[in-house]
Amino acid sequence: MIRFMLMVNRQGQTRLSRYYQPVELSRRAQLEADVVRCCLSRRKDQCSFVDYKDFKLVYRQYAALYVVVGVTDNENELSVYELLHNFVEVLDKYFSRVSELDIMFNLDRVHIILDEMIQNGHVVETNKSRVLAPLTALDKMADG
Amino acid sequence: MSDVVEKTLTALPSLLSLDSHSGSTKLSSSSKLGNLIRGITELTSKHEEEKLIQRELASIKEQVSSPNTSMRQMKELMVRAIYCEMLGYEASFSYIHAIKLAQQGTALEKRVGYLAVSLFLNESHELLLLLVNTVLKDLQSTNLIEVCMALTVVSQMFPKDMIPAILPLVEEKLTHPKEIIRRKAVLALYKFYLIAPNQVQHIHNKFRKALCDKDPGVMTASLHIYLQMIQENPEGYKDLTASFVTILKQVVAGKLPMDFNYHSVPAPWLQIQLLRILAFLGKNDQSSSEIMYDILEESLRRAEINHNITYAILYECVKCIYTIHPKSELLEKAAKCIGNFVLSTKINLKYLGLKALTYVVQQDPKLALQHQVTIIECLDHPDLIIKRETLELLFRITNAQNVAVIVEKMLEFLRGNKDDYTTIDLVGKVAELAEKYAPNNEWFIETMSTVFSVGGDTMQPDIPNSFLKLLSEGFDSVEEDRKLKLFAVDSYVSLLQGEPGKLPQRFLQVISWVLGEYSYLRGELDAATVLRLLAKLLDTKSTSSETKSWVLMAMTKVCEGGVGVSVAQEVCETYSSSLDTALRQRAQELQHLSQDRDLRAKVLPREAGSEPLEVDSSLSFLDGFVSEALAAGAAPYKPHHQRQEELAQAKALSMEPYGLPISMSSCSIADRQSPTLLSVSSGLSGDSPSLSQKGGSTTPKLDGVKRVWGRQGYLVQTEPVEESDLVEVTGPLQSPNQQAGADGPPSQTPTLKPTPQPEQEKQQLASSLFVGLGSQSSLCLMGKPEATTQRFRRKAKGPVLSSSTGEQISNSSVSASSMANNLLCNDLLDSNITSETAAPSLEQTPQLSRDLPAANGACAVESTDRDVKENSASLIGDNRLVAADPAPRGDRGKLKDFSAHLPAEFSGLCHSDISPLASNQSLDVSACHVQKEDSLVLVVFMYNSSDDAIPHILLELRSDELEVSCEGDSPVEEARSRSVAVCQYSLTVKKPSVHVEVAGTVSYQLPVGTSQSVQFSYKLPLTSFIRPLTVSTEEYGTMWLDFSHDTKQKLTPICLGQEPLMDTLNVLKKKLKLHVVEIIGMEGIVACRVLRDQPCLMHCRLHAGALSVWLRSPVPDLPDCLMYHCQRALQEH
């Protein structure tokens, strides 16, 4: 299962974090810093999966932004790796060409999208139009 | 697509300076959120960040509580608060406002309110209760979006206790016309299932409806529930196998709408989910597996598109194929598929290939042979994770022949490794392999030395413990034993002569213990030399006081002769005034014992470890002392764990009033691990007859030595899995060829062309790594587990092992596979029982010797209904107890069906099988026991097979452990010709024992005049007498304090899903009929009584993957017996 999902930039600043297993607030910063260090130190030709403590990290880099998830050992890393891409594609579809600033200025919306895709550490929806449906409905209500 | 994304993201740096971008236009750059974000992007140091966020938090705090804040502003405030928490700064003041926003906001505002709640609060937060009303209202809303939001938050987090309040509303949504509502309702039910499975038990048929929903999304959502349920209980859902197969068929054939595709692969994550479900259903089930073969083959074939996601599906497919009942064609294809992965140039695929291979070699070690070259390349791969995964793979294929090479590779990795978690894990594996396959003494000691130096003080404490236990208990050959100890002594002396300051503390402790116990074996080694080496350790600054304690203990054992005593005296002077009480104690001991040679020989006898040791775990010899002290007004003793728990759990479940204030020093003594325990175990053995007698109670003690060493850790856990899986291997095997490894496997050699030097090295490595693999699998098929190659086999102690193996050999019908199972069981039992039966073998009570074969017999039967079968097995096995020869029974074919004669009042109750006990020419005696709510009734059936009526039958029952009382009018019955007389007896426990037995005599007079008698015995487990004891938590608390007999042990919990504690307790509840009083967090309290009124309380706590179980009762021996049954129940599960 998925333990957490992070979006961090190359400077190590967290842009999005979602935990699916309770982690105390005070320990998150340390964990996130460790995770970023782990991923940043790796070259492009290295494996996209890293051991971290008793679980694994799966990460993908988009320009200066890293999307990282922590998964338990029984998870299929490659499917999670593709899930990350699906998530970014969904963001791309919604924001029409997503950028780090979009994510920062629309943190709430990104979270709403993520909530549609992953719940309790499991993939619950991957169909792009269905993922976006609730959010677009909300946007329409706000406009109309 | 990914290129597009990457391009847009590359353009980012330039965007940071432009505020006119689409994302930011919605918020004016002067808005508060805009300011915050701008502030965050411009941060350059942690210090600045802290200043900025503190300022921000202050401003949010001020605004949220202002009455003039609109919901729109509130939403923005919440997003800002989320930002602050994301950066690690607590904004707890805003939690209540998040709930308010969810309650009062509309549309997006409301959603952000819910979002903030789900981000801020954890599932046990008390504020969550305030959300219930809002959720309730929104679920009833006519606005679908609001219903949607409520369902979303419910499926993320909801207070367990409030589920009944909203369950009907959620259920109702299952039939909603909109798919999204139905889908979210299913996900909400999934959440309920995860946190409180019993709450949704009644709606299982609705899950089935969801599975058949016309919308694929709803069906997909229901699979989450099914995966969970099937994982817990595959037997219950076999009928759905065909449905899952059909669904997968349709998905693979592209029958879903196009928008479910991901990069033109139809619903890949759905496929993966289905494959996982199928794997659980097909495991160990041929008929279910056969339904799947077609679609699995289809899946393998369809996955041609060269894309990561198809490989992810393939991986799951391969795993499934190797999990279910094997089919050779499929296995071949799957193996080829793994080959493609492993050989791939894409590193992610290579990793996945190795992971698949690691999984697969457990079933089929030969597969590793095919990829040996690749595996060796991966061993030197620059990417650590690939290396690590390869070592994992090698660990699985280790055998006696390749152990040295593989361990060397692992140690090599360890030396360069910096990560603590990896070190702990790998060190444990090396220790396990070393103990299992060590080729010789030197290698073993040296490898363990490396393990201790590399593992340092982070490694699991059971590694040194287990090592020392192995040394002290020794194994079959006395000579080998001696050699091993000698080699250890030599090797440690030379280590101490080097630079001992660099060695980890744990290692120093091991060294001092070994030198203390065995240095005398090396005759030419002067005791004084050893003492000086040890004394040097005491002077080393880095030596911890715990280690010093071990060193002093060792010195006490060694000191001898003039020089020795003088060294000892010097040391004593220094430490007898130490501030550390434990050290002071040791120094005192050293001083006294070094001067009194006779006393020392008595207290610390040599070679003590090789004798069975008896620990009087209840310390009954102190009873007099204790009662005197109590009479003098001392407070009752509380065990260490109790004190610790009281300290640790002030906030959790408090079952007892506060204990005595505990001084730090007493804590530290008790906390210290082992010199005391070790010296007890070596010191008390053998020559303290008074202890042996007192401790030698009739029931096997499950605690005692084993608990001290905590040994069962890895051997028991990992081995059974491997071996039981290996049994599944099918397909033609290459002829077992021990030589195969030495010159490379025959099948492989032709493909390896003559190669230059480095290649040759690799081949050499290959041949040493993969040696013995081909033959290993055949060995296992023949039902000979690896035990035969294990060097350090624990010495068989007492008559236990031999009697059980004897029994198996004599049983000619034992098939190869069940033989393997038996050995497996024996291994498990062995580890428990050998340590239990520490009582001198000759003094074994008859009770014990009868118990054990029965336990082993049950293993062979492997039935689900253990209680009953166990009985019959033991009765047949024990036919020396049955007076009459059981053979005629079968000949006459008159095994009567007595169930018709079961008294009517028992018809609805659960009763055991009616087992024949004894018979002679005229009378057949059978019996069964009936479980009534408040009693246990033994029903004895006597069938008169003769042609004459038997007027008076007198049945007498007696038992050491049970109170027998007649339920009927009189024990005298009459049996007419060819009819059955029935007697009932109510049984209650007088003296608890793991198994209890009733012996009986039937005496009667035939009309002809001769008086006859038939004897029989009936055995039943203590579990038949257990009944739930319903008490409240408060009552439990008071009872707990009153009970004096207790035992504590660590058991392995059952892990089915999210809540191992709940699962374990449920199993115990089901199997042993315990009453679960309360579960709070990681702890649970359970109560039961043994008929008639002997209560026993259980407290369990889940910690670090183990379940510490603590039993208390006013009845002696009851906690131990119950612990035995708990352990059995969990092992069987």
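Every chain is numbered from 1, with letters handed out A, B, ... down the list of sequences.
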Subject >> Pairing residues for Asp383(B) by the side-chain contact (heavy atoms from CB on, under 4.5 Å) criterion, not counting sequence neighbours >> reply: Arg42(A), Gln46(A), Cys47(A), Ile347(B), His381(B), Ile385(B), Ile386(B)
Original post:
Do the side-chain N and O atoms of Glu89(A) and His263(B) include a donor-acceptor pair separated by under 3.5 angstrom?
Top reply: yes
**OP:** Using the salt bridge (charged side-chain N to carboxylate O under 4.0 Å, His left out) rule, take Glu75(A) and Arg276(B) through it: C-alpha gap first, then chi angles, then the decisive distance, then the call.
**Re:** CA-CA 11 Å; Glu75(A) 191 55 78; Arg276(B) 284 180 185 159; 2.9 Å; yes
Original post:
Side chain, backbone, both or neither: which part of Ser48(A) has a heavy atom under 4.5 Å from chain B?
Top reply: both
Original post:
What residue in Tyr19(A), Phe49(A), Tyr20(A) has the most heavy-atom pairs under 4.5 Å with chain B?
Top reply: Phe49(A)
**OP:** Answer yes if the side chains of Tyr94(A) and Asp139(A) hold a donor-acceptor pair under 3.5 Å, and no otherwise.
**Re:** yes
Subject >> chain A interface, residue from Pro216(B), Pro268(B), Ser118(B) that has the most non-hydrogen pairs under 4.5 Å >> reply: Ser118(B)
Original post:
Is there a donor-acceptor contact under 3.5 Å from the side chain of Tyr190(B) to the main chain of Leu223(B)?
Top reply: no
Subject >> Top of Arg28(A), His122(A), Arg18(A) for chain B proximity - count of heavy-atom pairs under 4.5 angstrom >> reply: Arg18(A)
Original post:
Between the side chain of Asp102(A) and the main-chain N/O of Ser99(A), is any donor-acceptor distance below 3.5 Å?
Top reply: yes
Subject >> chain B contact via Glu32(A) - side chain, backbone, both or neither, heavy atoms under 4.5 Å >> reply: side chain
Subject >> All side-chain contact (heavy atoms from CB on, under 4.5 Å) counterparts of Asn143(B), not counting sequence neighbours >> reply: Met141(A), Ser141(B), Ile145(B), Glu146(B)
Subject >> chain B contact via Ser129(A) - side chain, backbone, both or neither, heavy atoms under 4.5 Å >> reply: side chain
Subject >> Segment of Tyr52(A) engaging chain B (4.5 angstrom heavy-atom cut-off) >> reply: neither
Subject >> chain A contacts, top residue of Glu109(B), Glu389(B), His224(B) (heavy-atom pairs, under 4.5 Å) >> reply: His224(B)
Original post:
Who passes side chain to side chain donor-acceptor pair (under 3.5 Å) against Thr358(B), sequence neighbours left out?
Top reply: none
Subject >> Check: Asn308(B) side chain, Leu78(A) main-chain N or O, donor-acceptor pair, under 3.5 Å >> reply: no
**OP:** Without swapping roles, check the side chain of Gln271(B) against the backbone of Pro266(B) for a donor-acceptor pair under 3.5 Å.
**Re:** yes
Subject >> Contacts with chain B made by residues 2-9 of chain A (heavy-atom distance under 4.5 Å), listed by residue number >> reply: none
Subject >> Contacting moiety of Tyr262(B), where chain A heavy atoms sit under 4.5 Å >> reply: side chain
